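All remarks here apply to the structure that follows.
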Amino acid sequence: MKNLFKFGFLGLALTIAFASCGGAETKTEQAADSLANQVENSTDSIADSLNNVADSVKATGDSIADSLNNVQ
């Protein structure tokens with residue numbers, strides 16, 4: 001009889017634990033989605049910056065090449 005009560009309370013405790021963790025899972029998914037969006041935005045920003053730097057370097061290289069062609 002004692003074991004029956006122990007298993008009953010164990011079952012009750014596990015049921016309450018699983019029920020209380022249900023909301024935390026949703027918050028975790030929302031946090032993961034938010035983090036993924038922030039990473040994506042940061043990556044896009046960095047890619048845009050690198051493209052701007054590459055365009056600037058290309059323009060500078062073209063300018064130097066034009067200057068050298070005009071000198072000869």
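Here, residue 1 is the first one in the sequence, and each next residue gets the next number. All figures in this text were calculated on a predicted structure; none of them were measured in a lab.
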### Task
Would you list the pairs meeting salt bridge (Lys or Arg N to Asp or Glu O under 4.0 Å) in which at least one residue belongs to residues 30-42, sequence neighbours left out?
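Listed once each, the pairs would be none.
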### Task
Please round to the nearest 0.5 Å and tell me the distance separating atom CG of Asp55 and atom OG1 of Thr60.
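OG1 of Thr60 is found 10.5 Å from CG of Asp55.
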Show me the donor-acceptor pairs within less than 3.5 Å that the side chains of residues 42-50 make with the rest of the protein, sequence neighbours left out.
| unit_1 | atom_1 | unit_2 | atom_2 | d |
| --- | --- | --- | --- | --- |
| Ser42 | OG | Gln38 | O | 3.0 |
| Thr43 | OG1 | Val39 | O | 2.7 |
| Ser49 | OG | Ser45 | O | 3.1 |

### Test item: Ser63 side-chain N/O and Ala59 main-chain N/O as donor-acceptor pair under 3.5 Å
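Not a single qualifying donor-acceptor pair exists.
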### Which residues share a salt bridge (charged side-chain N to carboxylate O under 4.0 Å, His left out) with Asp62, sequence neighbours left out
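Asp62 satisfies salt bridge (charged side-chain N to carboxylate O under 4.0 Å, His left out) with Lys58 once adjacent residues are dropped.
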